[in-house]
Asker: 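Here it is, the structure, as structure tokens.
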Amino acid sequence: MTRPCLATGARLRYDEVREEHLLLVPEGAVRLNRTAAEVLELCDGERSLDEIVGALSVRYARADLRDDVRRVVDAMAARGLVVDAAA
Amino acid sequence: MRQHRPSTLIAELSYQCPLHCPYCSNPLDIGGEKYRRELETEHWIRTFREARRLGVLQLALTGGEPMLRGDLVELCAASRDAGLYSSLITAGTLFTRERAEALKSAGLDHVQISIQSPNADENDRIAGNRSFEKKIAAARLAKQLDFALTINCVLHRQNLDRIAEVLDLALELGAQRLELANTQYYGWAVANQEALLPSPKQLRRAEEAVQRFRERVGPKVDVLWVLPDFYEDLPKPCMGGWGRTAMVVAPNGDVLPCHAAATIPGLEFANVREHPLEWIWSSSDAFVRFRGTDWMQEPCRTCPLGRQEVDWGGCRCQALRLTGDAAATDPVCRFSRHHDRVISARESAQTDEFVYRTMKRPVRN
């Protein structure tokens, strides 16, 4: 995965009614924890995986979030919800 | 029990349709007086806003053919403003470039196009209308305009053997999703049951083809495969449970817990012209009647598998049709004392002759 981006039609949204982060997809919704929502927000097809890790590490002043980012991106890619913009 | 919030609003904008599919889930009396007065634009817009406040996330714009509504672009914009994710469920024959571009600008998220068969002649025969080429053009256009694209094919014994072609066509068209919906027997499908029920052999072969495709193609195309009820021996949680996840608004504004609920005599449907959606969801007769588990009879009441909150008693309309009692256990269930009726329907005589969906009630029943 070089430059991850959300699949066509997938849209991030915070649901004020249920107070949770969601990835809305055709006829469905994937419930996200805050970390997953923040990772997916950065999956814009421009940033590389390293850049996403970097951006989040700065935000949380933590050394390495690589494993967290990879876990989110891989899980979403396995469901076809994140694709590689470079592919 | 905590009351669930709905996540889906199914907006049946109009029962008019250029196609005549013999398995249409619309009521048999679509041409009747009851549905003549369709909701106005402002009713729908208010309904979308109320739906979002109630927790709805997904809006399905369907029909009939929703593209026959002249205000569709306006409705898509209202859906986006309300914060809903919108899907257009269309036959595709009216999906012209000009309208498709306007829908895209208005914020429509997802387009679902039906095909009746991957073979042009067979598609047109089943649809009762020359439509295949237009559908393919519509799918290509949706892809070109970067809509999320689902191809839907309702399956039955007259097209099930072409399933490998359906799968390949969806892949070739670049669909992200393929809905392979085995016919459910309500609406017009009941009038055509004998011409539509597949053989167990056909279903087994189709299931194998789906499996092979999934292994070959991976997550690029999400294939939804739903086995027909008649071949199960435990019921499905119809609509995710009665009054639990979805609301259907008919063209005249009546709000139903499922597409076919109007077939249940004695249910009173509240109308969005007269009542707020929140009240309809929480308190109207139609939504309260079979919600939860308190209404259940035996064998559901003491289900040996403890499935009361798994399948919610199955389908009310099917229970009514096969047992005469809408509050009975869905006879698909092997514990139902009417389960033999499902087995005999499965084995019933078959014909290839269709009763086409029209605005007139069918003669055969």
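In what follows, chains are A, B, ... by sequence order, proteins preceding strands, each numbered from 1.
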Asker: Got a salt bridge between D109(B) and R11(A), using NZ or NE/NH1/NH2 to carboxylate O under 4.0 Å?
Answerer: yes
Asker: Measuring heavy-atom distances to chain A, does D222(B) have an atom under 4.5 Å in its side chain, in its backbone, in both, or in neither?
Answerer: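 Neither part.
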Asker: Determine which residues belonging to residues 75-91 of chain B lie within contact range of chain A, meaning some heavy atom pair is under 4.5 Å apart, and list them by number or answer 'none'.
Answerer: R80(B), G83(B), L84(B), Y85(B), S87(B), I89(B)
Asker: Select one option (side chain, backbone, both, neither) describing which atoms of L22(A) are under 4.5 Å from chain B's heavy atoms.
Answerer: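 It is the side chain, since no backbone atom gets that close.
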Asker: Measure up the F48(B) and W44(B) rings against each other and bin them: parallel (under 30°), tilted (30 to 60°), perpendicular (over 60°).
Answerer: tilted
Asker: Answer with side chain, backbone, both or neither: which region of R18(A) has an atom nearer than 4.5 Å to a non-hydrogen atom of chain B?
Answerer: side chain
Asker: Name the one of K104(B), Q176(B), Q112(B) that satisfies side chain to side chain contact (heavy atoms under 4.5 Å, CB included) with F147(B)?
Answerer: K104(B)
Asker: Between the side chains of R97(B) and Q144(B), does any donor sit under 3.5 Å from an acceptor?
Answerer: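 Side chains of R97(B) and Q144(B): pair found under 3.5 Å.
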Asker: Of the backbone (N, CA, C, O) and the side chain (C-beta and beyond), which part of V83(A) lies under 4.5 Å from a heavy atom of chain B, both, or neither?
Answerer: neither
Asker: Under a 4.0 Å N-O cut-off, is there an ion pair linking R140(B) with E172(B)?
Answerer: yes
Asker: To the nearest 0.5 Å, what is the distance between CE (M239(B)) and SG (C315(B))?
Answerer: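 Between atom CE of M239(B) and atom SG of C315(B) there are 10.0 Å.
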Asker: Looking at chain B, which one of G28(A), A7(A), A10(A), A77(A) has the largest number of heavy-atom pairs inside 4.5 Å, strictly under?
Answerer: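 Ranked by heavy-atom pairs under 4.5 Å with chain B, first place is G28(A).
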Asker: Any side-chain donor paired with an acceptor under 3.5 Å for D84(A) and T2(A)?
Answerer: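 Per modelled atom types, D84(A) and T2(A) side chains form a pair under 3.5 Å.
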Asker: Any ion pair linking R71(A) and D74(A) (charged N to carboxylate O, less than 4.0 Å)?
Answerer: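 R71(A) and D74(A): not salt-bridged.
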Asker: In plain terms, say whether R3(A) and E51(A) are close enough for a salt bridge, that is, a side-chain N and a carboxylate O under 4.0 Å apart.
Answerer: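 The answer is no: the pair does not qualify as a salt bridge.
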Asker: Examine whether an atom of R52(B) lies under 4.5 Å from a heavy atom of chain A, and if so say whether it belongs to the side chain, the backbone or both; otherwise answer neither.
Answerer: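 Contact with chain A: backbone and side chain both.
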